[in-house]
Amino acid sequence: MLPTFSPAASASAKPPPRPIPGSYGPPVLGALRDRLDYFWFQSQDEFFQRRAAANKSTVFRTNIPPTFPFFVGVDPRVVAVVDAAAFTALFDNTLVDKRDILIGPYNPGPGFTGGTRVGVYLDTEEPEHERVKNFAMALLHRSTQSWPVLLRAGVDAMLDSLEADLAKPASSNGGDEKPPSANYIVALQQCIFRFLCKAFVGADPSVDWLVDRFGFTILDVWLALQILPTQKIGLIQPLEELLIHSFPLPSFLIWPGYYLLYRFVEEHGAEAVEFAEREHGIAKKDAINNLLFVLGFNAFGGFSVFLPFLVAKIGDPADPSGLRPRLRDEVRAVMNRAGNDDAVFGFGAARNEMPLVRSTVYEMLRMKPPVPLQFGRARKDFVLRSHGGAAFQVAKGEVLCGYQPLAMRDPQVFDRPEEFVPERFLGEEGQALLQHLFWSNGPETEQPAAGNKQCAAKEVVVDTACMLVAELFRRYDDFEVEGTSFTKLVKRQPAPSNLPSATPAATAAAQS
Ligand code: HEM
């Protein structure tokens with residue numbers, strides 16, 4: 001549990017800033033102890049919870065992996081921030097510098113990005129950041145019409161293949177007695193990859209067999225080599241510590257795959273590349289490397305983590321709250337209003353017509369933020385304010401490390417913080433809570449811009465997740481998921497013939 005602050009404290013006058021509690025321990029040994037706790041002896045949640053409890057503070061000093069022995073020049077010392085109030089300092093450009101600090105003090109380096117320092121590693125004070133961010137947002141804007149159509153086509157193809165898998169007799173699933181199931185991870189990644197190439201880059205992978213077949217696997221390996229030094233993967237722990245947590249993983253292993261994708265974007269995404277050069281003044285090589293990074297790391301990486309959480313949560317066979325029927329009814333009501341079972345769920349429907357679906361997506365982002373850690377280096381000495389007037393003195397150059405999963409379960413802000421409450425963000429009170437939803441590296445109530453570091457696709461990510469849920473309930477009356485497999489897909493029964501017929505305006509609203 002997070003320590004809480006007494007209301008009496010918040011009512012009193014602002015106390016002076018105090019030193020940040022916690023210690024980094026003795027050189028090398030302190031960092032090593034924290035690393036082993038982080039990866040081995042404690043879960044990530046536990047790591048931050050225990051230190052917050054021990055220091056009686058939601059702002060405290062700790063080391064963060066990777067560290068020792070071969071991460072030369074990587075300083076693991078950070079100031080951890082695990083409450084919703086102090087966390088907002090990480091979004092303030094006047095306080096923190098975001099240069100080369102995406103995944104923490106360790107930076108995998110431009111060897112993974114064709115030699116370009118891509119946009120996500122740039123600070124807002126670097127002019128190139130504005131160019132690259134504007135380019136990414138413009139590409140998203142240009143794809144407004146095609147995005148929902150391509151998503152639907154991709155999801156349909158994926159579900160066709162999963163239905164076929166599920167229909168196979170149990171014996172083809174390994175010959176044991178287990179009921180049939182269809183693992184969706186590979187199909188979903190394939191779907192996301194193909195869809196993003198077309199919708200974001202304007203390049204259709206089906207023109208290149210290698211890219212179409214292995215593109216998503218190349219991205220998986222490319223991502224893994226960059227982030228594994230900071231992740232627990234579940235090998236035998238001593239092996240994991242020796243092999244993946246002790247030294248930076250080399251980028252050259254992925255160069256052939258990266259080069260294949262680079263050529264693919266250069267040739268088949270030429271229009272997007274020219275747009276970057278012409279409209280945003282970005283050199284061709286940098287445009288391609290940035291496109292690949294946003295496609296592979298931000299978009300493919302983000303969706304690959306988030307969508308399985310969402311599908312598994314909604315499909316939970318043990319869900320006691322009857323969530324699936326309620327979501328299904330909301331989706332079907334949109335279809336009924338449109339009077340067209342085949343209407344594409346567009347951005348309009350995702351934003352305005354499916355409040356429970358949207359609130360469920362928000363709640364999943366609160367409980368399982370796909371990018372749990374956020375970092376920023378103090379530009380100057382400043383006072384970090386937390387709940388109840390608590391204040392801490394941060395020195396210039398110190399690295400703040402915000403841990404979203406605890407900040408977004410802050411009991412000072414969220415009622416029943418540990419519970420998944422699908423309707424949490426409904427109504428006026430629910431909407432007011434959106435200011436504390438930080439998954440996009442900014443409050444949900446704010447917008448990405450060239451001058452900030454909020455996810456360029458903040459709206460599009462939520463909309464896309466809503467559209468995926470809608471597609472599932474367009475097609476199925478019910479479904480169940482165990483782990484990463486569908487175990488039940490109940491096809492939609494034909495709609496009764498006495499549906500009220502829709503007006504053209506309603507059809508347009510669903511599709512807009
Ligand atoms: C579930 C999916 C996604 C998640 C969870 C996610 C999350 C994030 C987060 C946390 C950041 C800030 C990183 C930091 O500086 O600490 C970010 C930045 C960014 N994201 Fe997303 N993102 C997702 C999908 C996308 C998509 C689909 C796109 C575009 C197609 C995109 C484009 C970007 C860009 C360009 C930035 C850099 C912003 C900047 O440097 O100012 N993201 N994203």
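The structure presented is a predicted model; accordingly, all values stated were derived computationally and were not measured. Atoms within a ligand are numbered from 1 in the order they appear, just like the ligands themselves.
Within 6.0 Å of the CZ atom in Arg213, the count of heavy atoms belonging to other residues, nucleotides or ligands does not exceed 12.
Cation-pi geometry between Arg51 and Phe47 is satisfied (NZ or CZ under 6.0 Å from the ring centre, within 45° of the ring normal).
Using a 4.0 Å cut-off between charged side-chain N and carboxylate O, Glu419 and Arg424 make no salt bridge. Ionic pairing of Lys396 and Asp97 is not present here: no N-O contact between side-chain nitrogen and carboxylate oxygen is shorter than 4.0 angstrom. Salt-bridge formation is detected for the pair Arg61/Glu398: a Lys NZ or Arg NE/NH1/NH2 atom is positioned less than 4.0 Å from an Asp or Glu carboxylate oxygen. Using a 4.0 Å cut-off between charged side-chain N and carboxylate O, Arg326 and Glu423 make a salt bridge.
With hydrogens and angles ignored, the 3.5 Å screen pairs no side-chain donor or acceptor of Gln374 with any backbone N or O of Cys401. Side chain of Arg324 to main chain of Ile314: a donor-acceptor pair is present (N/O by atom type, distance under 3.5 Å, no hydrogens or angles).
At a heavy-atom cutoff of 4.0 Å, ligand 1 is contacted by both the backbone and the side chain of Trp439. With a 4.0 Å heavy-atom cut-off, ligand 1 is reached by the side chain of Val294 but not by its N, CA, C or O. Of all the heavy atoms of Gln454, the ones lying under 4.0 Å from any atom of ligand 1 belong exclusively to the backbone. When heavy-atom distances to ligand 1 are checked against a 4.0 Å cut-off, Phe303 comes that close through both its backbone and its side chain. At a heavy-atom distance under 4.0 Å, only side-chain atoms of Pro370, from C-beta outward, approach ligand 1. The parts of Val120 lying near ligand 1 are both backbone and side chain, judged by heavy-atom distances below 4.0 Å.
Against a heavy-atom cut-off of under 4.0 Å, Lys98 is close to the following atoms of ligand 1: 14 (C), 15 (O), 16 (O). Residue Phe200 has at least one heavy-atom neighbour below 4.0 Å for each of these atoms of ligand 1: 30 (C). Shown in contact with Asn452 at under 4.0 Å from a heavy atom are these atoms of ligand 1, numbered in order with element: 41 (O). Near Gln374, meaning under 4.0 Å from any of its heavy atoms, are these atoms of ligand 1: 10 (C), 16 (O). Close contacts between ligand 1 and Lys133 involve ligand atoms 38 (C), 39 (C), 41 (O) [criterion: under 4.0 Å to a heavy atom]. When each atom of ligand 1 is checked for a heavy atom of Leu140 under 4.0 Å away, the hits are 30 (C).
Counting heavy atoms from C-beta on, the side chains of Glu330 and Pro355 come closer than 4.5 Å.
When the heavy atoms of Lys458, Gln404, Lys453 are ranked by distance to atom 40 (O) of ligand 1, first place goes to Lys453. Of all the listed residues (Gly302, Cys455, Ala465), Cys455 holds the heavy atom that lies closest to atom 22 (N) of ligand 1.
Between Phe200 and Trp147, a ring centre-to-centre spacing not shorter than 6.0 Å is recorded.
Taking atom 13 (C) of ligand 1 as the reference point, the nearest protein heavy-atom neighbour is Leu102 CD1, 3.5 Å. From the protein, the heavy atom lying nearest to atom 23 (C) of ligand 1 is Asn298 O, 3.5 Å. In terms of protein heavy-atom proximity, atom 26 (C) of ligand 1 is nearest to Ala457 CB, 3.3 Å. His129 NE2, 2.7 Å is the protein heavy atom nearest to atom 41 (O) of ligand 1. Looking from atom 27 (C) of ligand 1 to the surrounding protein, the closest heavy atom is Ala299 CB, 3.4 Å.
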Yes or no on side-chain hydrogen bond (donor to acceptor under 3.5 Å, both in side chains) for Asp212 and Ser206, after CA distance, side-chain angles and deciding distance? CA-CA 5 Å; Asp212 195 45; Ser206 67; 5.9 Å; no
Working for side-chain hydrogen bond (donor to acceptor under 3.5 Å, both in side chains), residues Tyr362 and Arg358: CA-CA 6 Å; Tyr362 285 144; Arg358 200 166 183 89; 3.1 Å; yes
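For the ligand labelled ligand 1, residue Val132 lies outside the 4.0 Å heavy-atom shell. Using a non-hydrogen distance threshold of 4.0 Å, Val460 does not register as a contact of ligand 1. The closest approach between any non-hydrogen atom of Met137 and ligand 1 is not below 4.0 Å.
The side chain to side chain contact (heavy atoms under 4.5 Å, CB included) test with Asp92 is passed by exactly one of Thr94, Val96, Thr88, Leu90: Thr94.
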